[in-house]
Amino acid sequence: MSALASALPDFPWDLLEPAKAKAAAHPGGIVDLSVGTPVDPVPALIRRALADASDAPGYPLTAGTPALRAAIASWIARACGASGELGVLPTIGSKELVAWLPTLLGVRPGDVVAIPSVCYPTYEVGALLAGATVVRSDSLTALGPDRRIKLLWINSPSNPTGKVLPVEHLRKVVSWARERGVTVVSDECYLALGWETRPVSVLDDRVTEGDYTGVIAVHSLSKRSNLAGYRAGFLGGDPALIAGLLEVRKHAGMIVPAPVQAAMIAALGDEEHVDQQRERYSARRDALRTALAKAGFEISHSEAGLYLWATRGEDCWKTVGDLAERGILAAPGAFYGPAAAQHVRVALTATDERVAAAVARLT
């Protein structure tokens, strides 16, 4: 275990503790915009579903109940524009899935996992846990003819940048990967949060034409439905790949609790609460974006998702320190890759009162 742990990078958020302490010392208290953790209430219909299913003495199914599988498939058809027959699988949130997916798919030492140049750190961690080599690239041409590549991660809308990949690019990725026998995994956890453009799923008929061979999409209810505390995620895509994942996960006991499965059904069947939450985030986004611009920041991408990707053209740690002096905590771009060393990620996940405090301190 010590050898495995030593192969991993430092846990990013531990490195942020000094800045957090500085921000917490502000007379008005800290405004923590560093982590995208929901702060608004869990919708009542979801809490009722959880409570109603709380008498659950038996073991739940790793595959999910038939009702949950149907709810996931129906939601993917509606939200992702997918008309084909696909496999689905509930997961214990999305982070554990991201971290263990290369291992569960059979990626081994000597293999290569390709990840975006700026991305969620757990893509790299998952590859390292499998003993694979990590390559950062946003260009299929740059990846070239390397036959060691077994898995290609894409993320749209991106965490942290908020960039959205268009249909044409997604088609090229899928085509490129199929020619080489590479599995494409698309992290789409922010799909419901498009601001300046409408995000497209890799499962969309315009991308795959209903053929999901070699393609998996990762989704989460953490942001869409404020269910980060429930650990509720799911996969959709290639039926053969997902059937294999199910078999491995059954052996490993990777099971979503029965009450959470019931809550997921309620969440997936209702869009009103999603619309209401999107309106909250939209208002916070407008306020923070205006304040950051007045404070001399340039906003890059950020057309979707839960973050503003901001820069002042300086080292990200200097920006983090300056914001901490104002009692505002942001995430340094260095957490997301060397190419992000001059950006900070500013989350929209704070209460209206804390967002207002941040706006006042910035302007």
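If you read the sequence from its start, that first residue is 1, and numbering goes on from there.
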Checklist entry - What distance separates Cys189 SG from Asn155 CG, expressed to the nearest 0.5 Å? => result 8.0 Å
Checklist entry - Checking salt bridge (Lys or Arg N to Asp or Glu O under 4.0 Å) for the pair Arg249/Glu96: CA distance, chi angles, key distance, verdict? => result CA-CA 12 Å; Arg249 291 174 71 85; Glu96 67 88 0; 2.7 Å; yes
Item to check | Of all pairs that satisfy side chain to side chain donor-acceptor pair (under 3.5 Å), the ones with a partner from residues 214-242, not counting sequence neighbours | outcome: Glu188-His219, Ser220-Ser222, Arg224-Glu271, Ser225-His273, Asn226-Gln277
Checklist entry - Is the closest side-chain heavy-atom distance between Trp13 and Val35 below 4.5 Å? => result yes
Next on the checklist: Could you go through Arg285 and Glu196, starting from their C-alpha distance and side-chain angles, then the distance that decides it, and tell me whether this counts as salt bridge (Lys or Arg N to Asp or Glu O under 4.0 Å)?
Outcome noted: CA-CA 12 Å; Arg285 178 180 183 271; Glu196 298 163 12; 2.8 Å; yes
Checklist entry - Run the side-chain contact (heavy atoms from CB on, under 4.5 Å) check on Leu16 and Ser34 step by step: do they pass? => result CA-CA 9 Å; Leu16 199 57; Ser34 65; 3.8 Å; yes
Pairs under 3.5 angstrom only: tabulate donor-acceptor contacts from the side chains of residues 321-337 to other protein residues two or more places apart or in another chain.
| from | atom 1 | to | atom 2 | distance (Å) |
| --- | --- | --- | --- | --- |
| Asp322 | OD2 | Arg312 | NH2 | 2.7 |
| Asp322 | OD2 | Lys318 | NZ | 3.0 |
| Arg326 | NH1 | Arg361 | O | 3.3 |
| Arg326 | NH1 | Leu362 | O | 3.3 |
| Tyr336 | OH | Arg345 | NE | 3.3 |
| Tyr336 | OH | Arg345 | NH1 | 3.3 |

Item to check | salt bridge (Lys or Arg N to Asp or Glu O under 4.0 Å) assessment of Asp275 paired with Arg278 | outcome: CA-CA 5 Å; Asp275 294 338; Arg278 189 186 295 110; 2.9 Å; yes
Checklist entry - Does the Ser74 side chain pair with the main chain of Ala70, one donor and one acceptor, at a distance under 3.5 Å? => result no
Checklist entry - Any side-chain heavy atom of Arg280 within less than 4.5 Å of one from Asp40? => result yes
Item to check | Lys163/Val118 under side-chain contact (heavy atoms from CB on, under 4.5 Å): CA gap, chis, key distance, verdict | outcome: CA-CA 11 Å; Lys163 183 178 180 179; Val118 176; over 6 Å; no
Item to check | Side-chain heavy-atom pair Val215, Leu241 within 4.5 angstrom cut-off | outcome: no
Item to check | Spacing of CD1 belonging to Ile299 relative to OG1 belonging to Thr161, to within rounding of 0.5 Å | outcome: 12.5 Å
Item to check | Residue pair Asp111 / Thr133, side-chain heavy-atom distance below 4.5 Å | outcome: no
Item to check | Spacing of Leu308 atom CG and His301 atom NE2 [to the nearest 0.5 Å] | outcome: 13.0 Å
Next on the checklist: Show, in sequence, the C-alpha distance, side-chain angles and deciding distance for Trp75 and Phe234, and conclude whether the ring-ring contact (aromatic ring centres under 6.0 Å, His included) test is met.
Outcome noted: CA-CA 11 Å; Trp75 182 87; Phe234 56 92; 5.5 Å; yes
Checklist entry - Can Asp286 and Arg289 be counted as an ion pair, charged N to O under 4.0 angstrom? => result no
Checklist entry - Just how far is it from atom CG of Leu221 to atom CD1 of Ile72, taken to the nearest 0.5 Å? => result 8.5 Å
Next on the checklist: By the definition side-chain hydrogen bond (donor to acceptor under 3.5 Å, both in side chains), identify the one residue from Asp352, Thr351, Thr349 that meets it with Arg284.
Outcome noted: Asp352
Next on the checklist: Rounded at 0.5 Å granularity, tell me how far CG in Asp205 sits from CG in Asp211.
Outcome noted: 11.0 Å
Item to check | Side chain to side chain, Val200 and Arg206, heavy atoms closer than 4.5 Å | outcome: yes
Checklist entry - Given Leu235 and Leu97, is the side-chain contact (heavy atoms from CB on, under 4.5 Å) satisfied, shown in steps? => result CA-CA 9 Å; Leu235 297 176; Leu97 185 280; 3.6 Å; yes
Item to check | Approximate separation, where rounding is to 0.5 Å, of Leu15 CG and Lys20 NZ | outcome: 13.5 Å
Next on the checklist: Test side-chain contact (heavy atoms from CB on, under 4.5 Å) on Val182 and Trp176; report intermediate values, then the result.
Outcome noted: CA-CA 8 Å; Val182 176; Trp176 179 93; 4.3 Å; yes
Checklist entry - If you measure from the Lys or Arg side-chain nitrogens to the Asp or Glu carboxylate oxygens, is any gap between Arg198 and Glu303 under 4.0 Å? => result no
